[in-house]
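Working notes, structure below.
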Amino acid sequence: MSVHPETETGAQAGTANTPEEGVYSFAAMEAKWPQVWEDLKVFTPLDDGSRERRYVLDMFPYPSGDLHMGHAEAFAMGDVVARYLRQKGYDVLHPIGWDSFGLPAENAAIKRNAHPSEWTYTNIDTQAASFKRYAISADWSRRLHTSDPEYYRWTQWLFKRFYERGLAYRKDSPVNWCPKDLTVLANEQVVNGACERCGTPVTKKSLNQWYFKITEYADRLLDDMSELQGHWPERVLAMQRNWIGRSEGAHVRFVIEAAGRRPEKEVTVFTTRPDTLYGATFFVVAADAHLALDLVTPEQHDELMAYREKVKALSEIERQSTEREKTGVFTGRYAINPLNGEKLPVWAADYVLADYGTGAIMAVPAHDQRDLDFAKAFGLPVRAVLETGAEDPAESGVATSGEGTLKNSGELDGLSKAEAIPAAIEILEKLGTGEKFVNFRLRDWLLSRQRFWGTPIPIIHCAECGEVPVPDDQLPVTLPQDLRGEALAPKGTSPLAAAAEWVNVECPNCGRAAQRDTDTMDTFVDSSWYFLRFVSPHYTDGPFDPAKINEWMPVGQYVGGVEHAILHLLYARFFTKVVHDMGLLDADEPFSALLNQGQVLNGGKAMSKSLGNGVDLGEQLDKFGVDAVRLTMVFASPPEDDVDWADVSPAGSAKFLARAWRLGQDVSSAPGVDFSGGDRALRTVTHRTIAEAAVLLDNNKFNVVVAKLMELVNATRKTIDSASGAGGADPAVREAAEAVAVILSLFAPYTAEDLWNQLGHPASVANAGWPVHDDSLLVQETVTAVVQVQGKVRDRLEVAPDIAEDALRELALASDNVQRALDGRGIRTVIVRAPKLVNIVPA
RNA sequence: GCCCCAGUAGCCCAAUUGGCAGAGGCAGCGGACUUAAAAUCCGCAAAGUCAGGGUUCGAGUCCCUGCUGGGGCACCA
């Protein structure tokens, strides 16, 4: 489809370069310009310090098939920012690469009896071609793929540095296990108790796994969000805050009395309510924690074991259901309340989680609903220690958690809840049985995966020496090439274990026979530092060039979907902080600003294969052209809002583009003409548009910029067609058309380039530079002052923009309409906001 | 249950951060061009801002309560 302009009307000068005389043809433009841009290296940063640098980054894609509408939206947004900053004169780094390790490639390889790299790199080539067609202003010379050995060599190098700092370690722990993908999952990859990838309910499995100690950075990850405030979407910060889950309270140590041959034992609990310590009537440990086994008396042992079996059989989804009846078993032991010496029965239950806090709690049923439910189920006592005015929880069955005054609490009696919390902590500290403690919900990052297509963990296991890191000069540990097809099928252990030749090596330490670690890294490890690699992707002496890294980092504008609000963004922040602490990087936050583009929907729903409501990007590009699709993405709504493809009109965008392009057909003045004699009204519109567009772009209001651009095009058209003026020969028309070309180049690079060319300028419009607006042209000769009486508009006055308040007040009071509205009433106040408004308040 | 975001013409969205509710687009209607249609061009109409209360000379904008929709966390001690 091409959009044809109306029949030519005359002005023919300046159209010599038109590909096909007078016809807007996106196909011709798409065929013509990519080569020109490539030859001119328009989008390769100078990287020489001659200009201020800016780093603009889109979250790099995973190579699953060809690009889709979601990519088109995200990359359209990021490209607006990159192209705008380039026009503003910055040296812009806007790279592209692929997050190319991951399960889909492996599954495809099993199905096709191939190596995952085949599927991966074929898809990457397809996507790369599509990106080029889509005219992303990327520096292709910096292209990288995380599955290239040249890349993952440095992922392994970084892993080793983490290991040396004690930030990468192995431990036995019950982990999330996906029974379909047959691999472990990080907490972040479990959504509502199910695998985020395939939706299979997750089970627990006890395994020895590699972890990154992200919890050591919990405080900083939380505190440093203050730097991001205002530059990151509030909801992303809220999600991270939630996820980190900082909780202030106290650790309290309880002595568990000796029983028979079981010796006395001290157990610590975490509580946010140390003020309610006198209300503790029992004690609970997580049934699945080892602690339960340590405590249980021989008499209760069988009962506990039976209960643990039952708990294990529950799926995560069942276990997390809040409607479940409370269950548990008595352990036969008693804990001593450190404040009043009271004996509390110790129970084991599954409502206490082994991996939160200390896996044990003091139960205060009067003031905690879960404890109350448990107490009622097992006939345990309830004692209120906080008078809130509500009914006694023992009677009502509703725990009271609000404000109140302490009672039945010895020295704490009479204090408010807010006073009692620190007071209780102070008492505990004096007794030496507790102290203030800040607990986090965040768990360490489980990074090992029992799958093939990922970065091998560069560790060798030696019977003599234990864990031995592969020496730096032997990196990368590359994946074997000979495993393919069925050999990659998930078995619950890594497929790498079957590659005997690969696994069996000499210990780098003692030379004896040893084995490689056969797990691979979570792909989120790969993507936690790729933005650093882009600064110097071909550097061979380290993960990045130390001479360059601080010139570009941090990323000034990061663009991507909100689905990565926690996972990728939290991990990348963690990695950045560690690399910073290693002294390799000045920045300690990777992304100064974040833009979450919305989703592309169709008919109110996310596009999906199962719904069959997908819109094919390729078809849209064929039908409307790249520029129209890009413009539609940007114009439809604010960047962070969803775009419903059923609600928008790529045809409308195409119409506008043809309209803008046709301005070039009608401009008949020569390039370089003096604009000063041009139509004043149009010049004002042009300069106002330039000024407003810059402000709007600085605030990511791309959709509004497009609207302003449409106004400018309309105004220019009017001037050309006006019978009274000079039409296409008016220098103001050229000035306007040139501004249109430059601003349009952010959204519709082909049309803008072609327009620029029609206007007689050499390529590329991307280098034209942002037009400088003339403030004197923005000053209007008169402005409309609104005159209100009691807030209602009663008159409008044309006044000079610099009118004095007094003069405006006089004019307003003299207005007939005002006098009529006042209807003889006196005047109480007159508010004057010269030159725009007068509000007269009658008595 | 706790937390975050958003409700403005039929639809997608603007509104200089407290100062005339409307910039732009889609859809609609009328007209020009056409043998006709498409395309193109010109023009028109359309809401008082989810509801209620408050602050103010003045509220779409600030505050409170509620409703609706979207999202996050959740047996987290």
Side-chain angles (χ1 to χ4, degrees), chain A residues 1-7 9 191-192 233-243 245 247 249 269-273 276 284 286 319-324 326 349-353 355-364 367-371 373-374 401 439-442 562-563 565-566 598 631-632 635-638 640-644 646-653 655-656 658-659 662 692 695-696 701 703-714 717-718 721 784-796 828-833 836-842:
Chain A
M1 186 200 91
S2 50
V3 181
H4 301 271
E6 66 181 318
T7 316
T9 48
V191 179
N192 292 327
E234 189 47 48
R235 63 171 173 158
V236 173
L237 296 175
M239 280 188 240
Q240 293 215 354
R241 220 174 276 125
N242 253 332
W243 190 262
S247 172
V269 303
F270 174 71
T271 178
T272 55
R273 297 294 306 277
T276 63
V284 190
R319 212 192 56 73
Q320 285 181 5
S321 160
T322 42
E323 267 103 83
R324 269 177 66 227
K326 290 281 179 291
D350 68 351
Y351 86 92
V352 172
L353 308 176
D355 60 0
Y356 182 79
T358 62
I361 63 159
M362 63 176 208
V364 184
H367 307 297
D368 183 293
Q369 191 60 46
R370 296 154 301 175
D371 295 344
D373 293 343
F374 191 85
S401 57
N439 193 58
F440 290 92
R441 205 191 75 101
L442 183 70
V562 73
E563 65 274 17
I566 298 170
L631 190 73
T632 302
F635 180 54
S637 62
E640 57 276 11
D641 286 10
D642 291 344
V643 176
D644 194 329
D647 288 343
V648 298
S649 170
S653 298
K655 187 165 96 179
F656 165 72
R659 206 172 140 76
R662 276 200 312 276
E692 286 176 349
V695 174
L696 291 164
K701 296 188 170 188
N703 55 323
V704 189
V705 178
V706 176
K708 298 286 178 201
L709 192 56
M710 288 171 169
E711 279 183 77
L712 177 56
V713 169
N714 289 343
R717 180 84 261 157
K718 262 202 176 116
D721 291 347
T784 306
V786 171
V787 184
Q788 301 175 333
V789 175
Q790 214 165 9
K792 290 205 168 72
V793 181
R794 296 299 183 194
D795 203 359
R796 285 158 219 271
R828 190 154 59 135
T829 338
V830 180
I831 288 118
V832 184
R833 293 285 179 272
K836 303 192 69 174
L837 180 124
V838 179
N839 188 11
I840 298 160
V841 187

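Just so we're on the same page: letters track the sequence lines, and every chain starts at 1. Remember, predicted model here, so these are calculated numbers, not experimental data.
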Partner nucleotide, any strand, of B:C41 [Watson-Crick/G-U, under 3.5 Å]: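 Base partner found: B:G31.
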Strand partner of B:C13, provided both Watson-Crick or wobble distances fall under 3.5 Å: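 Per the H-bond distance test, B:G22.
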Students often get this wrong, so: under 4.0 angstrom with heavy atoms, is [X] touching a base, only sugar-phosphate, or nothing?
X      : answer
A:R441 : base
A:S653 : nothing
A:R659 : sugar-phosphate

Can you name the residues that form a side-chain contact (heavy atoms from CB on, under 4.5 Å) with [X], not counting sequence neighbours?
X      : value
A:T632 : A:W645, A:V648, A:P650, A:S653
A:A286 : A:D288, A:A289, A:V352, A:A354
A:E234 : A:Q229, A:L237, A:R241
A:M710 : A:F635, A:F656, A:V706

A:R662 vs B:C41: side-chain N/O to OP1/OP2 distance below 4.0 Å: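 It does, given that an N or O in the side chain of A:R662 lies less than 4.0 Å from OP1 or OP2 of B:C41.
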Under the side chain to side chain donor-acceptor pair (under 3.5 Å) test, residues paired with [X] that sit two or more places apart:
X      : answer
A:E692 : none
A:D355 : none
A:R441 : none

Distances for protein N/O vs nucleotides 57-60 of chain B N/O pairs under 3.5 angstrom?
residue: B:C57; atom: O2'; partner: A:N839; partner atom: ND2; Å: 3.4
residue: B:C57; atom: O2; partner: A:N839; partner atom: ND2; Å: 2.4

What pairs of nitrogen or oxygen atoms, one from the protein and one from nucleotides 10-13 of chain B, lie under 3.5 Å apart?
residue: B:C12; atom: O2'; partner: A:A636; partner atom: O; Å: 2.4
residue: B:C13; atom: O3'; partner: A:N703; partner atom: ND2; Å: 3.2

Mutual orientation of the aromatic rings belonging to A:F374 and A:Y351 [parallel < 30°, tilted 30-60°, perpendicular > 60°]: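 A:F374 vs A:Y351 ring planes: tilted.
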First encountered from the 5' end of RNA chain B, between A:E234 and A:N714: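 First, find each residue's nearest nucleotide; the 5'-ward one identifies A:E234.
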5' precedence on RNA chain B between A:D368 and A:K701 (nearest-nucleotide basis):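 Its nearest nucleotide being more 5', the pick is A:K701.
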